[in-house]
Amino acid sequence: MSWRTILILLLLTLFMYYFGCKARGGHTGREYMPDMVHSQAYETYGKAPQRRTADNQTTNLTNTPFVVFADGKSAREPVKGTIPRGYQPYAYANTPEGYEAAATLINPYAAADKATLEQGKMYYTTYCAVCHGESGQGDGSISATGPNNGPFAGVINYFSAGYMQLEEGKMFHSIHYGKNNMGSYAGQLTKDERWKIVAYIKSMQAAEYAKTNKVSAEEAMRWVRGSVGGKMPSAALAATETAAHTQDAAAETADTHAAAVAEGATASAETDAASVKSKSELEVYATKPIAKGTVITLRNVFFNMASAKLKGESKDELDRLADIMNKNKNLKIEVSGHTDDTGLGKINMKLSKNRAESVVEYLVSRGIDKSRFQAVGYGGNKPVTTEKTPEARAKNRRVEIKAL
């Protein structure tokens with residue numbers, strides 16, 4: 001066979017192969033893995049491209065869909081305004097404003113037991129550890145700070161200063177929508193599962209804080225969870241507040257009445273103060289004026305945890321101060337709030353100022369002119385002791401007045 005004949009046959013073969021592969025009209029042509037191109041399943045809200053005849057034979061008729069409903073679709077679209085069964089709406093927008101507003105959300109698992117935290121750990125290990133690391137230090141296998149020098153930079157370390165007291169609502173918001181390089185996990189995790197992850201992260205942070213600062217697990221958990229944003233369920237909150245008040249009372253029992261003694265208290269009064277430390281320092285001034293510059297600690301003024309709301313048991317102490325000011329019409333005072341050294345400085349400053357203002361508001365409600373007060377907050381900048389024990393920190397959490 002001559003080379004011309006071979007060439008002609010080769011060209012003819014290529015010509016037939018080309019036009020035989022090309023899809024046109026009712027011919028699909030030749031396709032590589034057609035199942036990846038043409039869905040073999042019914043499209044949920046689309047029309048199926050074929051139907052079966054009475055004898056169960058497939059008829060490939062594009063314009064005669066498999067009719068399930070009258071409009072030719074194989075499923076019903078949801079009724080407008082309805083939501084799927086079991087779906088729980090989330091009212092906070094995926095915006096910076098929505099992120100900040102979510103800080104007030106309450107974690108239903110704030111008082112999680114060991115079994116619940118184990119579940120949270122399982123979800124965390126499955127979905128979060130790849131970036132944040134099993135220990136939460138931002139050193140997961142695909143993190144740029146991880147052992148494998150992964151591709152993702154900026155993965156947060158849950159133990160860095162900016163995140164140890166991050167509000168739980170913000171953490172939930174980030175898991176729901178995603179944040180920065182992290183995508184949303186709302187499709188992989190239910191609402192409860194997301195909250196359990198947040199509870200587990202808080203448990204890790206509390207354990208680290210307790211170890212570093214040598215405080216109890218309860219105090220550590222109060223610090224990472226209760227002192228900034230987010231609220232604990234009422235039962236858990238009541239339990240932690242009861243523990244806090246017990247601790248505060250013990251610290252006050254160990255304190256002295258140096259200011260009262262300096263103003264001329266008798267030896268017997270000093271003895272009484274030493275034996276009954278909840279006795280108000282204001283009692284000394286029921287029958288004598290308060291000298292300018294005198295600083296007095298309001299012993300029995302209490303607030304809700306991480307709040308400037310006065311507790312009911314503060315009434316007696318503040319009423320006693322109101323009576324003193326009514327008898328001394330020229331007395332003007334500075335009311336100062338103080339916190340301990342835990343927590344973020346700017347937050348403590350704001351909290352201490354708000355607590356001082358709450359005291360002023362109560363005294364004004366008792367008929368004292370507001371011009372006689374100055375409300376200031378010192379945060380943790382003026383401690384009465386620099387010790388790091390729970391008792392010492394309780395001493396530093398106080399409200400004082402100073403005669404001006």
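Predicted, not measured: the structure shown is a model, and the values here were computed from it.
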I'd like to check Val384 versus Arg398 (side-chain heavy atoms, cut-off strictly below 4.5 Å). Are they in contact? yes
Side chains of Asp316 and Asn300: does their closest heavy-atom pair fall under 4.5 Å? no
Compare all side-chain heavy atoms of Tyr90 with those of His173 and state whether any distance is below 4.5 angstrom. yes
Could you check whether any side-chain N or O of His338 sits under 3.5 Å from a backbone N or O of Asn381, counting only pairs where one atom can act as donor and the other as acceptor? no
Parallel under 30°, tilted from 30 to 60°, perpendicular over 60°: which one fits the rings of Trp223 and Tyr209? parallel
Is it the case that the side chain of Glu334 and the backbone of Lys402 share a donor-acceptor pair, with hydrogens and angles ignored and the cut-off at 3.5 Å? no
Can you confirm if the aromatic rings of Tyr123 and Tyr200 lie within a centre distance of less than 6.0 Å? no
Is it the case that the side chains of Asp319 and Tyr362 hold a donor-acceptor pair, with the cut-off being a distance below 3.5 Å and no angle test? yes
Between Ser358 and Ala308 (side chain of the first, backbone of the second, donor and acceptor by atom type, cut-off under 3.5 Å), is there such a pair? yes
Check: Ser280 side chain, Glu317 main-chain N or O, donor-acceptor pair, under 3.5 Å: no
Side chain proximity check, Leu363 to Val360, heavy atoms < 4.5 angstrom: no
Okay, side chain of Tyr177, backbone of Tyr92: is any donor-acceptor separation there less than 3.5 Å? yes
Between the main-chain N or O of Ala199 and the side-chain N or O of Glu168, is there a donor-acceptor pair closer than 3.5 Å? no
Determine whether a donor-acceptor pair (N or O, by modelled atom type, separation under 3.5 Å) exists between the side chain of Ser184 and the backbone of Gly178. no
Does the distance from a Lys or Arg side-chain N to an Asp or Glu carboxylate O, for Arg222 and Glu218, drop under 4.0 Å? no
Main-chain N/O of Lys211 paired to Lys214 side chain as donor or acceptor, under 3.5 Å: no
Donor-acceptor pair, distance only, cut-off 3.5 Å: does the side chain of Asn396 make one with the backbone of Thr385? yes
Any donor-acceptor N or O pair under 3.5 Å, side chains Thr190, Asp192: no
Check for a donor-acceptor pair, side chain of Asn107 on one end and backbone N or O of Tyr109 on the other, with a separation under 3.5 Å. yes
Carboxylate-amine/guanidinium proximity below 4.0 Å for Lys370 and Glu361: no
Taking side chain as C-beta onward, heavy atoms only, is Ile333 less than 4.5 Å from Arg372? no
Can you classify the ring geometry of His176 versus Phe172 as parallel (below 30°), tilted (30 to 60°) or perpendicular (above 60°)? parallel
